[in-house]
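Heads up, the thing below is written out as structure tokens.
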Amino acid sequence: MVISALEEYDFDEERLFLFCTHEGGGTGHNENDIKEICSGAKVKKELVIYGGNVKSAKNSIVNWIEK
């Protein structure tokens, strides 16, 4: 469903900020898949936070946004 929605939008010159939480399974090919599906977009480096660290991730999130 998400992929279908992304495929319908024109991402030319848009900036995409990807973030993901997980419990050890990693992010797989998320970043590469989004770059392929949203061709034309400027995809920024993905922020990945381990699920158990979400509550203490505020500084990491702020630093990522500021970059």
Residue pair Glu31 / Leu18: nearest heavy atoms and the distance that separates them: CA-CD1, 3.9 Å

Lys42 NZ to Leu16 CG distance, which is reported to the nearest 0.5 Å: 11.0 Å

In the single-linkage hydrophobic clustering (I, L, V, M, F, W, Y; side-chain heavy atoms under 4.5 Å), do Ile61 and Phe19 co-cluster? yes

Trace of the side chain to side chain contact (heavy atoms under 4.5 Å, CB included) decision for Asp33 with Ile3: CA-CA 10 Å; Asp33 291 346; Ile3 291 173; over 6 Å; no

Answer yes if Val62 and Phe17 sit in the same cluster of Ile, Leu, Val, Met, Phe, Trp and Tyr residues linked by side chain heavy atoms under 4.5 Å apart, and no otherwise. no

Main chain of Lys45, side chain of Trp64: is a donor-acceptor contact present, judged purely on distance under 3.5 Å? yes

Just wondering, are more than 12 heavy atoms of other shown residues or ligands nearer than 6.0 Å to CD in Glu36? no

Ignoring hydrogens, what is the shortest heavy-atom contact between Gly40 and Asp12? Give both atom names and the distance. CA-OD1, 3.5 Å

Here the pair of heavy atoms bringing Val43 nearest to Ile34 is CG2-CG2, 4.4 Å

Do Leu6 and Phe11 have side chains that approach each other closer than 4.5 Å (heavy atoms only, starting at C-beta)? yes

Within the 4.5 Å heavy-atom criterion, are Ile65 and Leu47 side-chain neighbours or not? no

